[in-house]
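Heads up: the structure comes next, in structure tokens.
Keep in mind the model is a prediction, meaning the values are calculated, not measured. Here is the naming used below: chain letters follow the sequence lines, and residue numbers restart at 1 for every chain.
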Number of protein chains: 2
Amino acid sequence: MADLIVLDPHAPIPLYTQLYRILRLRILEGQYAEGDAIPSENVLRDEHGITRSTVRKAIALLVNEGLVRQFRGKGTIVSYAPINNSVWNFGGFTDYSRARGQRPVTSLLEQATEDGANGPVLKLVRARGIAVEDVTLFLNLDTSWLSLKRYPGLDIFDFEKQSLYQVLRDHYGVSPARSELTLSVVAPSALTTKVFGDGLDVPGFLCATGDVFSSSDELVERTSVIYSPTLEMRVGTSWSTGNGQPPGA
Amino acid sequence: MADLIVLDPHAPIPLYTQLYRILRLRILEGQYAEGDAIPSENVLRDEHGITRSTVRKAIALLVNEGLVRQFRGKGTIVSYAPINNSVWNFGGFTDYSRARGQRPVTSLLEQATEDGANGPVLKLVRARGIAVEDVTLFLNLDTSWLSLKRYPGLDIFDFEKQSLYQVLRDHYGVSPARSELTLSVVAPSALTTKVFGDGLDVPGFLCATGDVFSSSDELVERTSVIYSPTLEMRVGTSWSTGNGQPPGA
DNA sequence: TAGTGGTCTAGACCACCAT
DNA sequence: TGGTGGTCTAGACCACTAT
């Protein structure tokens, strides 16, 4: 198949990012199946008329995300476990489930304004998950705090229907680029029971709390995400120091 | 100051890894302080007689580790919070504490052989932490399982004195290169109380369970690490897709 | 032997920041 | 204006795998 999507060297998005998104989509849609090799670096170079360095940078993003692994002499092989979530980007999960016909679901549990140190703050509590047939399975419980001074009028949107990040991008010109999170454990509460069910016999839930920043290093939101135990939190680490050694020694 | 350490193009370790280790050590030792800029890419290129691409690859490792951040027009700035642990590489912590005169401590709690599906297995339970003055503060509780069929004689070493990974490297020629971990929450137990103390009022502990592989993709060990709540588990994420957008959209 | 990924060179142009 | 990092090109040589 010829490529329908071509790279645009004049776009504000780097070529390697454009290629990364193309390859990522194909993997998530199953066009390249698990265990298969994606086209070789030289093939991608010729197909898209770019340098191998640029191809490699695109693939490096996939490797970092855990979607592929590279083997010298063999190729670049698709290798991801089902619902292989990096913890911190729920977006990956959304893509994955959508690509499989599952429907991502967001339920707005609370929307209120609070008084913060720097003026009024919008508090948003959302449960997110997927709908498979008639059953909705909630996978995380996301509490966000956003400055209404910085984002005036943000409280009139309906975040059950619209993505928070999309509103921020379209109406305020802000995109998240970076996060600083701290992992912790939270005890079960009435809210977690309501969202995740009471059939779970766990001592606590995994929780990531912290700040999200824009590319210009402005604070976008303060967030706290509680994860369902149903969601396997996989973490891949590669000590990419060239010789197979942890940095420790 | 001239560089005492020079890069060796004939070494089996890539040039960018060599440079990465040099820079990393300087940062951890405080030679480049927090908030300072490290030498520019062009300076490093000239100093070490290598290409800017190679310099950039070395710095990319530091960025990935969260030790520095790069700003166009400004420079590469050292930016890490004290005890900024990426969860999964405790080695980083060891380096950090040692560079500050704190003494890393390992206490062997259990060493036993068990029967596994593929023959006898060495089980190793170690508590690790730091000693500051006369007080020892344990920060994690690490349980490892290793095949004695694969590593005959491993059970005769004293792992209170010797690093497991060092023994594996020196006596069996195996180095860990990659891990696949799953995050979970474990309830407090007699063991966690003994190691972390009983003054903690937490519903559970953060735990990473999974496998560690060598560069040739052979299973090295099965491991389960429980982290002390004292240890802030910082997780930095950057959506390095070029335009400041999570992969999700 | 042909093809793969891993490393490295030697340039180029650009956007951004400090001066 | 000069220096910084961000992107990209067009090669090269190597180690390893498949056949």
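- A straight line from NE2 of B/His48 to P of C/dT9 spans 12 Å, rounded to a whole angstrom.
- If you check every strand for non-hydrogen atoms under 4.0 Å, A/Leu15 touches sugar and phosphate atoms only.
- Proximity note for A/Tyr16 (side chain, C-beta onward) versus D/dG6, D/dT7, C/dT7: the nearest is D/dT7.
- For the OP1/OP2 pair of C/dG6 and a distance below 4.0 Å, the side-chain nitrogens and oxygens of A/Arg56 include at least one atom meeting the criterion.
- Checked against C/dC8, C/dG5, D/dT9, the side chain of A/Gln70 finds its nearest nucleotide in C/dG5.
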Atom pairs under 3.5 Å: protein N/O with N/O of nucleotides 11-19 of chain C:
none

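- Within the structure, every side-chain polar atom (N or O) of A/Lys57 is placed at least 4.0 Å from both OP1 and OP2 of D/dC8.
- Here the P atom of nucleotide C/dG6 and the CD atom of A/Glu41 are 6 Å apart, to the nearest Å.
- Heavy-atom neighbours of B/Arg69 CZ from other residues, nucleotides or ligands within 6.0 Å: above the threshold of 12.
- Considering only residues two or more places apart in sequence or on other chains, B/Asn118 meets the side-chain hydrogen bond (donor to acceptor under 3.5 Å, both in side chains) condition with none of them.
- Each of B/Gln18 and A/Val43 has a nearest nucleotide on DNA chain C; the 5'-most of these lies closest to A/Val43.
- The salt bridge (charged side-chain N to carboxylate O under 4.0 Å, His left out) search around A/Asp8 returns none, not counting sequence neighbours.
- For A/Lys123, the side-chain contact (heavy atoms from CB on, under 4.5 Å) partners at least two apart in sequence or on another chain are A/Glu110, A/Glu114, A/Val125, A/Thr143, A/Trp145.
- Remark: A/Ser147 pairs with no residue by the side-chain hydrogen bond (donor to acceptor under 3.5 Å, both in side chains) rule, at least two apart or across chains.
- Per the geometry, CZ belonging to B/Arg45 stands 14 Å off C1' belonging to C/dC8, to the nearest Å.
- By the salt bridge (charged side-chain N to carboxylate O under 4.0 Å, His left out) test, A/Glu41 is found to be paired with A/Arg52, A/Arg56, residues two or more places apart in sequence or in another chain being considered.
- A sub-4.0 Å separation between OP1 or OP2 of D/dT7 and a side-chain N or O of A/Thr54 is absent.
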